[in-house]
Amino acid sequence: MALKFKGKVWVFGDNLDVDKEIIPFREREMGLMKDGNFGKWVMTPVDPEFPKKVKKGDIMVVGTNMGCGHGHQHANIGIKQAGISCVIAESFDRNFFKNSINLGLPIIELEGINKNVKAGDILEVDLEAGEIKNVTTKKTLKFTPLPDFLLEIMSAGGIEPYTDKLIAEGKI
Amino acid sequence: MGKTIVEKIMAKAAGKPEVSPGDYLKFGIKDTYIQVGSDIGALNSREYERLGWDKFFDPKKVMIAPEHCGTWARQQDNVTNRESHRITKEWALSLGVPKENILDLGNVGTCHHLPIEKGWALPGNVYLHADTHCPTAGGVGCLGINLSAAEPAFLRLGWMWFRVPKSIKFNITGKLQDGVMGRDVFEYILGQIGPAGAVYQAMEFTGQVVEDMSLDGRLSMCCLSIFTGAKTGIVNPDQKVFDWFKTRTKVHYEPQYSDPDAVYAKTYTYDGSKIEPQIVVPPYRRTVQPVSSVEGTKITTAFIGSCASGRDEDLRIAARILKGKKIHPDVMFNVTPGSAETMLRTDKEGIISTLLEAGCLICAPSCSMCPGFYTPLAKNEVCIASSTTNVPGRMGEESAQVYLGSPATVAASALEGKIADPRKYL
Ligand code: SF4
């Protein structure tokens, strides 16, 4: 997986709970997502039309404590399935952060992102270089890239494909 | 420079002389077990099959427990719970997990009660599990970290990556009023610092109130720590903890403690004697108010249980409040002991009989109503629960409302049929 993306911005607020705002708990528990397509449900409690409107490669920009509540990975899987290329947040809940890397969902933590980006802007992000270019406003933002071994896990597509790679290389 | 208990446990686990916040580490578990629930185990086995993996890093370290919904025929993914257990058991046996590591219903409970009772989560060690509420183990000075989606890979690799969090110190001084519990202390803190108040940090609970608190209260606080965005919660272990484990493990463990000059991102001090019973008001997990502000709200259901409660102390205080009385006729009160051990002890103490006489429903140890099992909420019901969260639909129908409070508050409310302050019954 390349670590560069370009896409249109969708903005959501602070404290998005994995079960309340991101993937509705009840519908999942009722077996409505048995087909494994959580992407069809992403953010529907906030914007029922979101999965239909979002385009492949689009970028989610959110506030503080992204993905809070329980550590349910359906949120990360669903965001990926919906076509979102990257989630940029002021800060992440720890479980969401961890699940994103381990499931190969690119994420960037950058305080102040909300002041510099608005819905509909076009962003170009480079995870390795630690750079976000706002094509719409022509501003460039810098962030500290994740350590190499985490980028490696993320770009392998997550911890399972990464483990497969180690097995194939005879390392474990 | 001094180090916090979390930094010291992580350094020990990673085999490093010391670590600092922001460091990324790789480590596994050393002396005890990785506990796999049979429900999640069935999913793991499917994942293993899909990936063609055929090994655990060390099958002797894998424990299989029928946790979460062990006693409920859950139809999610078209697999009943007994079927999940069968799948997990066969899968584990085929990969070399010893038979004696596979528990069944007589040992059932919610996942985070078991490791404390079985002596798998020990002071100074790391407890890893695929469930959000692993930080519960912090109540005995053990660092609980959630593996979540990484559990299958962890079982294959034997290690995982971790980021060392900063720690925030919560110093609770004074003495709690009777009827104010560990649960209330946590919710009070949440109310003060907000749902993003400890994002990616460790909450360390200290002070006279925490020293005086039972292990049950400490476990409950640590269990809930994630609702401030925290990575984990922890309490420095003391003699109460060592006494608890005396008969429960022969494994040697090295407790860790925060140094007096450890560095904290922040320190908050609260006067415990001023803390009132606290209520989380629906629909958000973050709206915390003193009980007085919602007293009198009519309820139809009450629940004590889950990994956040359902321990001896929780059932004991409910029995104290309900002794010789009957719960309100319009209320269904489900009390689910968190584990078989708690059920046995509270039965011997006469607590279970008192609760049954008062009109409670006692369910077999499990997560029970917390994720909507056993007696899920019907449409438009109003529930007061001492479980973990109240996101809409969590405990049944989406239109049902869930207030969260301490087991004492839940019991007092069940008695009156409306949200009530437990202090007047104690
Ligand atoms: S009691 Fe509730 S929160 Fe705790 S492990 Fe069970 S389902 Fe999860």
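Chain letters run A, B, ... following the sequence lines, proteins first, then strands; residues in each count from 1.
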Tell me, yes or no, whether the heavy-atom count around Asp148(A) atom CG, taken from other residues, nucleotides or ligands under 6.0 Å, exceeds 12. no
Tell me which of these, Leu146(A), Asn76(A), Leu150(A), has more heavy-atom pairs under 4.5 Å with chain B than the rest. Leu150(A)
If we define contacts as heavy-atom pairs under 4.5 Å, which of Leu166(A), Asn65(A), Ile153(A) has the most with chain B? Asn65(A)
Report, as yes or no, whether the 6.0 Å neighbourhood of atom NZ on Lys61(B) holds more than 12 heavy atoms from other residues, nucleotides or ligands. yes
Below 4.5 Å from any heavy atom of chain A, which atoms of Pro283(B) appear? Answer side chain, backbone, both or neither. both
Contact class of Thr388(B) relative to chain A, heavy atoms under 4.5 angstrom: side chain
Examine whether an atom of Glu90(A) lies under 4.5 Å from a heavy atom of chain B, and if so say whether it belongs to the side chain, the backbone or both; otherwise answer neither. neither
Heavy-atom distance under 4.5 Å to chain B: side chain of Ile77(A), backbone, both or neither? neither
Are any of the side-chain nitrogens in Glu398(B) or Arg28(A) under 4.0 Å away from the carboxylate oxygens of its partner? no
For Leu103(A), is it the side chain, the backbone, both, or neither that has a heavy atom closer than 4.5 Å to a heavy atom of chain B? side chain
Before you tell me yes or no, could you show the steps for Arg50(B) and Glu160(A) under salt bridge (charged side-chain N to carboxylate O under 4.0 Å, His left out), namely the whole-Å CA-CA distance, both residues' side-chain angles and the distance that decides it to 0.1 Å? CA-CA 11 Å; Arg50(B) 187 180 69 79; Glu160(A) 289 181 353; 3.4 Å; yes
Could you grab the distance from atom CG of Leu51(B) to atom OG1 of Thr163(A), nearest 0.5 Å is fine? 8.5 Å
Do Val391(B) and His70(A) have side-chain heavy atoms sitting under 4.5 Å apart? no
Within residues 11-23 of chain A, which residues come under 4.5 Å of chain B, heavy atom to heavy atom? Asn15(A), Asp17(A), Asp19(A), Lys20(A), Glu21(A)
In Å and rounded to the nearest 0.5 Å, what is the SG to CZ distance from Cys68(A) to Arg286(B)? 7.0 Å
So do the side chains of Ile159(A) and Leu157(B) get within less than 4.5 Å of each other, counting heavy atoms only? yes
Side chain, backbone, both or neither of Glu47(B) within contact of chain A (heavy atoms, under 4.5 Å): side chain
Tell me, for Lys55(B) versus chain A, whether the close heavy atoms (under 4.5 Å) come from the side chain, the backbone, both or neither. neither
For chain A, which of Lys26(B), Arg285(B), Arg156(B) has the most heavy-atom pairs under 4.5 Å? Arg156(B)
Assert top hit (heavy-atom pairs under 4.5 Å, partner chain A, pool Ala230(B), Ala196(B), Gly194(B), Ala150(B)) equals Ala196(B)
Report yes or no: does Arg394(B) contribute a side-chain atom to a donor-acceptor pair with the main-chain N or O of Phe25(A) at less than 3.5 Å? no
Can you sort out the partners of Asp58(A) under side chain to side chain contact (heavy atoms under 4.5 Å, CB included), two or more places apart, ordered by chain and number? Lys8(A), Trp10(A), Val54(A), Lys55(A), Ile84(A)
Below 4.5 Å, heavy-atom pairs only: which of Pro152(B), Ala153(B), Pro195(B), Gly229(B) has the largest tally toward chain A? Pro195(B)
Please report the interatomic distance CD(Glu151(B)) to CD(Gln73(A)), rounded to the nearest 0.5 Å. 10.0 Å
What pair of heavy atoms forms the shortest contact from Glu29(A) to Phe373(B), and how long is it? OE2-CE2, 3.7 Å
Looking at Gly71(A) and Asn146(B), what are the two nearest heavy atoms and their distance? CA-ND2, 4.1 Å
With a cut-off of 6.0 Å (strictly less than), are more than 12 heavy atoms of other residues, nucleotides or ligands near OH of Tyr284(B)? no
Among the options Trp161(B), Phe227(B), Tyr24(B), pick out the one with the most heavy-atom pairs lying under 4.5 Å from chain A. Trp161(B)
Are there residues of residues 93-101 of chain A whose heavy atoms fall under 4.5 Å of chain B's heavy atoms? If so, which? Asp93(A), Arg94(A), Asn95(A), Phe97(A), Lys98(A), Asn99(A), Ile101(A)
Look at atom CD of Gln192(B) and say whether more than 12 heavy atoms of other residues, nucleotides or ligands are closer to it than 6.0 Å. yes
Out of curiosity, Trp53(B) CH2 to Ile167(A) CD1, how far, rounded to the nearest 0.5 Å? 5.5 Å
The side chain to side chain contact (heavy atoms under 4.5 Å, CB included) partners of Lys56(A) (sequence neighbours excluded) come to none
Heavy-atom nearest pair, Phe92(A) first then Tyr200(B), reads O-CD1, 3.9 Å
